[in-house]
K.L.:
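Quick one: this structure, given as C-alpha cells, is what I'll be asking you about.
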Amino acid sequence: MEFCYILCGLLHQQDHVCELLNTIDACQVFFDITVNFDLTKNYLDLVVTYTTLMIILSRIEERKAIIGLYNYAHEMTHGASDREYPRLGQMIVDYENPLKKMMEEFVPHGKSLSDALISLQMVYPRRNLSADQWRNAQLLSLISAPSTMLNPAQSDTVSMTTALKRLKIIHELFIGFILCHAVLNSDAAALSLWKLALQSSTCLCLFRDEVFHIHKAAEDLFVNIRGYNKRINDIRECKEQALSHAGSMHRERRKFLRSALKELATVLADQPGLLGPKALFVFMALSFARDEIIWLLRHADNIQKKSTDDFIDKHIAELIFYMEELRAHVRKYGPVMQRYYVQYLSGFDAVVLNELVQNLSVCPEDESIIMSSFVNTMTSLSVKQVEDGEVFDFRGMRLDWFRLQAYTSVSKASLGIADHKELGKMMNTIIFHTKMVDSLVEMLVETSDLSIFCFYSRAFEKMFQQCLELPSQSRHSICFPLLCTHFMSCTHELCPEERHHIGDRSLSLCNMFLDEMAKQARNLITDICTEQCTLSDQLLPKHCAKTISQAVNKKSKKATGKKGEPEREKPGVESMRKNRLLVTNLDKLHTALSELCFSINYVPNLVVWEHTFTPREYLTSHLEIRFTKSIVGMTMYNQATQEIAKPSELLTSVRAYMTVLQSIENYVTIDITRVFNNVLLQQTQHLDSHGEPTITSLYTNWYLETLLRQVSNGHIAYFPAMKAFVNLPTENELTFNAEEYSDISEMRSLSELLGPYGMKFLSESLMWHISSQVAELKKLVVENMEVLTQMRTSFDKPDHMAALFKKLTSVDSVLKRMTIIGVILSFRSLAQEALRDVLSCHIPFLVSSVEDFKDHIPRETDMKVAMNVYELSSAAGLPCEIDPALVVALSSQKSGHCNNIHCLAKAINQIAAALFTIHKGSIEDRLKEFLALASSSLLKIGQETDKMTTRNRESVYLLLDMIVQESPFLTMDLLESCFPYVLLRNAYHAVYKQSISANA
C-alpha cells in the first residue's frame, strides 16, 4: 500500500516538475553555472532527479501488478476505483522506456537545458584533467609558491563549484544532452563536453548502489534515430576509450591526490592559520578525493573489463586517511576560519560589493533593498562575535541571493544578471565565504561525504582487509571506523524508518573494524613476546653448562687438531649487526606494530550514531584475554604425563612478556598496569573470570597430586638441611627432579607468580588434605578410645602401659598418616618462608610492621583477636604459634630421613595446637601432659630387652627432642625434667654412627 502511495506521489511530482519547466521556458530564464550558480545548479538537479526517478520506476519489475492489486483493494474498500488509477497506469505504460519518452518531453525545454549544460564547459574540463596536468600546475600545493602562501585562494569559477561532484556533473552532462540531443549536432562545445563525460566513466549512479551503464543506454536510444550514425560511432569510440584508459587515468589521479593531500594535511597541522586563506584548497582537495574514491568504488563493483588491476587500489586507505585528517583540521580549527572570513566579509567583500552596486546603471528598488541588506549584514560583522562564541546564521542572506538570481535571470528583468556577470561571480564568492563562517560542517558533508560505503559493505570490508595485510598501509586503517561516522548523513528526515537499519550497520561495521585492528595488534604483540621469551630462555642457567663445557675443552681440542662440535651461539648475538640493511623478523614485527598502533592511537574515541567507541579499549581487552591465555599456556601443563614448567622458568617468561607489554605504552596511550592488575590478580584465584583454570590451580594440583603424592609413596624425601624435597633412588625413576621444583629459589618464584592470594589458596588446599588425614586419625582414636583413656591415667605404671600398648590397633596407620601430615606441613613451611622472602623484598616496611605486631601480642589476648593477628601474619608468610589455616581446616569437621619420620614433630605440634584451639583447651597444659606420657613410654622402652621392641629406639628419642624444639609451648628445661638429656646425647651419637656405617 505504501509503495502505491509513493507512485501516486511520483505522479504528482511529475505534474509539478512539468509545470515548473514550462514556467522557466516561458520566462526565458538565463542559466550560467559561473554567474547564477544556485539557480543553474538547482535547475540541473531538478532535471537529473526527475529523469532518475523515471528510470528507477521502469526497473521495478512488478509495478503493473502492484498498482493493479492496489486498485482492486481500493474498489473492495471504497466501492470505486482510485481516481488516480488511470493516470498512474498510463504513466507506467508511457515510461516503459523512460529516456525515449523524456527525450520527447524535453523538446520544448531544449534551449534552457542546453544553455545550462554548455555553461559547464568552464567547470568540467578543469575537473577532468590528467594527473600529470595537475602535477605540472602544482595543484593544491601550498609550498610551491612560498611568497603567495598567505594570499587568499580565489577563483571566479571554483569558489562555489567546489561542492559539485565531478561524477554528478557527468550525470548532468550525459542525461542532459540525451534529453536535448539535437544540440550535439549543432554545437561543437556541447559535443565536446558530452564526449568528455562518456570517456571518463562507464556507469553512473542512479541511487546509492543502483547504477546505469551510459554507453549502452545512449547507443540503444540513438540507433533508432535517423542520421545519428556519427553519434553512435562517437559513443563506441568513447566507450573503448573509457574501457582502455579511464582506469589508469583515475589510478594516477589517486596517486597524485595521496601525495597532495598528505602535503596539505602536514602543512596545515603545522600552520593551522593557513586554513583561512587556503580554505578553498582544502575543500577542492576533499572534493577531488571524494570523486576518485566513489568512482573506484562504483566501477570496481561493475567492472566491464577483463583486466582489473586498475580497479584494485591497496593504497586507498591512505587517501581516505588524509581526507579524514583534513576534515579533522577543519573541525578543530573552525574558529580560526570563522575569524578570518568574518574579517574578510566585513573588510573586503562588503566594500567590493558596495562599489559594484553603486556602479550599477539600473537597480530597481526591490533589488536595491536586497543588495543593501547584503552590504549591511557583512559590514556589521566583527571578530568579537567569534570571540564571544556567537552563533552565525547566513541562511537568510543566501536565500535572498537565490531569490535575487531568480528575479534577475528572467528575460524581462530590469536588472539582468546576464549583463552584470561580475556581480554574480562576486556574490558567489561571498556566499562561499559565508559558508566558511556558519556552515563548515555542511560544507564538509557536501565535499567529502563517503556514506556511499554503507551500501557497498563487501567492497568496504575487502578494502579494510587489504589495508591490514599491507604493513605500510596499516597505519591508515583507522580511516575505516571513521568512515562509519559518515553513514548517518545519507539518511533523510522524510524516511525515518531506515535510520535504525543504517545506524545498526554503521555500529556493526565500526565494531568489526576496531575489533580486527585490535586482534591484528594483539597477534603482532604475541609474536614479539614469543621472540622475547625465546631470547630470555637462552639466559636460563640450564643452558650455560654446554657453553662452560665448550670453553673448558676448547684448548684441548685445538691441541689435538680435531674438529669438535660447532660453537654454540651466545645470547646477544642477534643484536650484532654487520649491515644496517639487515632486517630481522623482530624488526619487521616492531615496525608493523608501530604502524598499526599509530592507527589505534590516532583518535581517543569516535562517535557513531550516538554511540562512543574507544579504539584503545579494544586493544586493552584483547591484550588481557591473550595475556591470560599465554600465562596459562606457558606453564606447559600436561595432564596425561603430569609435566609442568618450573616456576622459575615460567617467571622468566612472564617477565619477558610483561616487558614487551610495557613497551606498548610507547606506541599507544593505554594503562598497561591495569592489564597486569586484572590478569595477574585473576591468576591468583582458583578460576579466572571466564571460569578457566589459572596457574594457581595448575600448580596447586601439581604439587599436591604429583610431588607430594610421590613423597607419600616413598620416592621423594624432605631434607630440612637443604630445604628441599629430593628424589630417592628407586627402580622406577620419576619423570621430574623434585629438587628443581621445591628448592628455595623455585618456591620464591612460585610465590612471585601466585602472590599472597595464590599462596593462601595453596595453603588452604594443603590444609584440606591434612583435615582428611585428621578425620581418619579421629576414627582410629575412637576405635582405641578405651585403651587410650586408660593409658592417660596409667603413664606412671610401666608394666600396665606395656600391656595397654599391645592392645592398641592400627599403630602403623597412625604413624603413616601423621608422617603425611608432617610432609604437607613441611612443604607449606617452605612455601610460607618463600612468600615471606618475596614480600620482604617488595613491601619490607609492611612486613616488618606485621612481624612486630605478631611478636608483641600479649599472651592474655582473647583467642579470636589472636587468631586474626595470626591470620594476617600467615598471609605475609610469617610462622605462627597456631596455624590459622589449619585451625580453619580442622574446625570445618563437625564429627631428614628417607621415611620422612622427622616430619612427625611438625605434625604433632601443629595438629595439637589447632585441635586444642578448636576445643578451647589449654595448649600448653595438654602438650605438657603429652610430654609426660611420651617420656614415660620411652623410658620404659629403655628397660626392654626384646630387639623388636627396642628397634629404632634412639631415633624415637631424637623425635621427642625435635617435638620440643619445634613447639613454641614446650621448653628444653621441661623436657630435661622428665627425660634425661644424657639419653638424648647418646642417641645422637648412636644415630650418627649408624648413618656413617650405612653410607660406608
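In this chain, residues are counted from 1 in sequence order. It should be emphasised that the depicted structure is a prediction, and the values quoted were computed from it without experimental measurement. All values below come from the heavy atoms of this structure, side chains included, with hydrogens, waters and symmetry mates left out.
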K.L.:
Are any non-hydrogen side-chain atoms of D291 and R127 less than 4.5 angstrom apart?
P.N.:
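Side chain of D291 against side chain of R127, heavy atoms only: contact under 4.5 Å found.
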
K.L.:
Is a side-chain N or O of Q405 found less than 3.5 angstrom from the main chain of L39, in a donor-acceptor match?
P.N.:
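Yes; at least one donor-acceptor contact below 3.5 Å.
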
K.L.:
Do I92 and L57 have side-chain heavy atoms sitting under 4.5 Å apart?
P.N.:
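They are in contact (side-chain heavy atoms under 4.5 Å apart), so the answer is yes.
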
K.L.:
Between S380 (side chain only) and T377 (backbone N and O only), is there a donor and an acceptor less than 3.5 Å apart?
P.N.:
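Yes, S380 side chain to T377 backbone: donor-acceptor pair under 3.5 Å.
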
K.L.:
Under 4.5 Å between any side-chain heavy atoms of K425 and F37, yes or no?
P.N.:
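No, every pair of side-chain atoms sits at 4.5 Å or beyond.
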
K.L.:
Would Q14 and C18 satisfy side-chain contact (heavy atoms from CB on, under 4.5 Å), going step by step from the backbone distance to the final call?
P.N.:
CA-CA 6 Å; Q14 182 189 27; C18 291; 4.2 Å; yes

K.L.:
If you count every heavy atom of other residues, nucleotides or ligands that lies below 6.0 Å from F402 atom CZ, does the total exceed 12?
P.N.:
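Yes, because the 6.0 Å sphere around CZ of F402 holds more than 12 heavy atoms from other groups.
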
K.L.:
Do the non-hydrogen side-chain atoms of D220 and K216 ever get within less than 4.5 Å of each other?
P.N.:
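The answer is yes; the side chains approach within 4.5 Å.
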
K.L.:
Applying side-chain contact (heavy atoms from CB on, under 4.5 Å) to K435 and E442, what does each step give before you reach the verdict?
P.N.:
CA-CA 8 Å; K435 289 188 175 183; E442 290 79 0; over 6 Å; no

K.L.:
Whether the side chain of T491 engages the backbone of M488 through a donor-acceptor N/O pair (distance < 3.5 Å, no angle test) should be reported.
P.N.:
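Checked: pair present.
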
K.L.:
Below 30° counts as parallel, above 60° as perpendicular, anything between as tilted: where do the rings of Y228 and H181 land?
P.N.:
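Perpendicular.
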
K.L.:
Donor-acceptor check, side chain of H420 to backbone of L415, threshold 3.5 angstrom: yes or no?
P.N.:
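Flag not set: sc H420 to bb L415 has no pair under 3.5 Å.
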
K.L.:
List the atom of R208, the atom of I452, and the distance in Å for their closest heavy-atom pair.
P.N.:
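That would be O-CD1, 3.4 Å.
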
K.L.:
Can you establish whether the number of heavy atoms outside Q358 located under 6.0 Å from its atom CD is more than 12?
P.N.:
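Atom CD in Q358 is packed in, count exceeds 12.
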
K.L.:
Checking S192 side chain against A188 main chain: does a donor-acceptor pair fall under 3.5 Å?
P.N.:
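No; judged by distance alone, with no hydrogens or angles, the pair does not exist.
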
K.L.:
Kindly give the heavy-atom pair with the smallest separation between H486 and L450, and that separation in Å.
P.N.:
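The answer is ND1-N, 3.2 Å.
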
K.L.:
A quick test of your reading: do over 12 heavy atoms of other residues, nucleotides or ligands sit less than 6.0 Å from NZ of K100?
P.N.:
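It does not: K100 NZ has 12 such atoms or fewer within range.
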
K.L.:
Among pairs that include at least one residue of residues 10-33, which meet ring pair (Phe, Tyr, Trp, His ring centres under 6.0 Å), considering only residues two or more places apart or in two chains?
P.N.:
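Pairs touching residues 10-33 that pass the test: F31-Y43.
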
K.L.:
Is a side-chain N or O of D388 found less than 3.5 angstrom from the main chain of E390, in a donor-acceptor match?
P.N.:
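Not at all, since once roles are kept as given, no pair shorter than 3.5 Å links the two residues.
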
K.L.:
Around E104, counting heavy atoms of other residues, nucleotides and ligands shown, do more than 12 lie under 6.0 Å from its CD?
P.N.:
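Check passes, neighbour count above 12.
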
K.L.:
Hey, what do you get for CG (D400) to CZ (F394), rounding to the nearest 0.5 Å?
P.N.:
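Answer for the CG-CZ pair, D400 versus F394, is 13.0 Å.
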
K.L.:
Who are the salt bridge (charged side-chain N to carboxylate O under 4.0 Å, His left out) partners of E84, not counting sequence neighbours?
P.N.:
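So E84 forms a salt bridge (charged side-chain N to carboxylate O under 4.0 Å, His left out) with R87.
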
K.L.:
Rounded to the nearest 0.5 Å, how far does CE of M102 lie from OG1 of T51?
P.N.:
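CE of M102 is found 3.5 Å from OG1 of T51.
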
K.L.:
Begin with the C-alpha distance, continue with both residues' side-chain angles, and end with the deciding distance and a verdict on side-chain contact (heavy atoms from CB on, under 4.5 Å) for R59 and L206.
P.N.:
CA-CA 11 Å; R59 292 191 173 190; L206 290 177; 3.6 Å; yes

K.L.:
Before accepting this row, confirm whether a basic side-chain N of the pair E387/R339 lies closer than 4.0 Å to the acidic partner's carboxylate O.
P.N.:
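Yes, E387 and R339 are salt-bridged.
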
K.L.:
Can you tell me how far the NZ atom of K421 sits from the CG atom of L423, to the nearest 0.5 Å?
P.N.:
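Those atoms lie 13.0 Å apart.
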
K.L.:
Are the side chain of Q199 and the backbone N or O of A242 linked by a donor-acceptor pair below 3.5 Å?
P.N.:
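Checking the backbone N and O of A242 against the side chain of Q199, no donor-acceptor pair under 3.5 Å is found.
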
K.L.:
Between S114 (side chain only) and K111 (backbone N and O only), is there a donor and an acceptor less than 3.5 Å apart?
P.N.:
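Indeed, once roles are kept as given, a pair shorter than 3.5 Å links the two residues.
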
K.L.:
Would you call the rings of F432 and Y341 parallel, tilted or perpendicular if under 30° counts as parallel and over 60° as perpendicular?
P.N.:
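F432 and Y341: perpendicular rings.
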
K.L.:
Please confirm whether Y85 and H74 have ring centers closer than 6.0 angstrom.
P.N.:
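No, ring centres 6.0 Å or more apart.
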
K.L.:
Within a strict 4.5 Å, meaning less than it, do heavy atoms of the F374 and V357 side chains meet?
P.N.:
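They are not in contact (no side-chain heavy atoms under 4.5 Å apart), so the answer is no.
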
K.L.:
How many angstroms lie between CG in L193 and CG in L120, if you round to the nearest 0.5 Å?
P.N.:
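Here the rounded value is 7.0 Å.
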
K.L.:
Drop me the distance from I175's CD1 to Y50's OH, to the nearest 0.5 angstrom.
P.N.:
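Here the rounded value is 12.5 Å.
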
K.L.:
Given side chains that start at C-beta, do those of V383 and Q343 come closer than 4.5 Å, heavy atoms only?
P.N.:
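Yes, side chains in contact.
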
K.L.:
Give, for atom CD1 of I169 and atom CG of L117, the distance between the pair rounded to the nearest 0.5 Å.
P.N.:
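Going from CD1 on I169 over to CG on L117, the span is 11.0 Å.
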
K.L.:
Is there side-chain contact between R231 and N185, with heavy atoms separated by less than 4.5 Å?
P.N.:
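The answer is yes, as the side chains (C-beta and beyond) meet within the 4.5 Å cut-off.
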
K.L.:
As a quick check of understanding, evaluate side chain to side chain donor-acceptor pair (under 3.5 Å) for Y70 and D82, giving each step before the final call.
P.N.:
CA-CA 9 Å; Y70 166 70; D82 188 339; 2.6 Å; yes

K.L.:
Looking at every heavy atom in both S112 and I24, which two are closest together, and how far apart are they?
P.N.:
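Looks like OG-CG2, 4.3 Å.
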
K.L.:
Under a 4.5 Å cut-off applied to non-hydrogen side-chain atoms, are N36 and T40 in contact?
P.N.:
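Touching, per the 4.5 Å side-chain cut-off.
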
K.L.:
Taking it one step at a time, do K41 and D45 satisfy salt bridge (Lys or Arg N to Asp or Glu O under 4.0 Å)?
P.N.:
CA-CA 6 Å; K41 175 182 175 293; D45 284 348; 3.2 Å; yes

K.L.:
Go through the steps to decide whether R331 and L440 satisfy the test side-chain contact (heavy atoms from CB on, under 4.5 Å), and finish with yes or no.
P.N.:
CA-CA 8 Å; R331 285 193 294 266; L440 280 174; over 6 Å; no

K.L.:
Can you name the nearest heavy-atom pair linking G110 to C180, along with the distance?
P.N.:
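Smallest heavy-atom distance, with atoms named: CA-CB, 3.9 Å.
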
K.L.:
Between P277 and N151, which heavy-atom pair has the shortest distance, and what is it?
P.N.:
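Looking at all heavy atoms of both residues, the closest pair is CB-O, 3.8 Å.
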
K.L.:
Between the side chains of R398 and S439, is a donor N or O closer than 3.5 angstrom to an acceptor N or O?
P.N.:
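Their side chains do contain a donor-acceptor pair, which is all the 3.5 Å distance test asks for.
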
K.L.:
How are the rings of W295 and H250 set to each other: parallel, tilted or perpendicular (split at 30° and 60°)?
P.N.:
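W295 vs H250 ring planes: parallel.
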
K.L.:
So, does R253 use its side chain to make a donor-acceptor pair with the main chain of N128 at under 3.5 Å?
P.N.:
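At least one qualifying donor-acceptor pair exists.
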
K.L.:
Indicate yes or no for a side-chain donor-acceptor contact from S141 to the backbone of Q138 under 3.5 Å, with no hydrogens or angles considered.
P.N.:
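No.
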
K.L.:
Scan residues 344-365 for pairs that pass ring pair (Phe, Tyr, Trp, His ring centres under 6.0 Å), counting only residues two or more places apart or in two chains.
P.N.:
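Output for this query lists Y340-Y344, Y344-F348, Y344-H433.
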
K.L.:
Please report the shortest heavy-atom distance between Y124 and S200, naming the atom on each side.
P.N.:
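What the structure gives for the nearest pair is OH-OG, 3.1 Å.
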
K.L.:
Flag the pair R236 and E219 as a salt bridge only when some basic side-chain nitrogen lies within less than 4.0 angstrom of an acidic carboxylate oxygen.
P.N.:
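Counted as a salt bridge, because a side-chain N and a carboxylate O are separated by less than 4.0 Å.
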
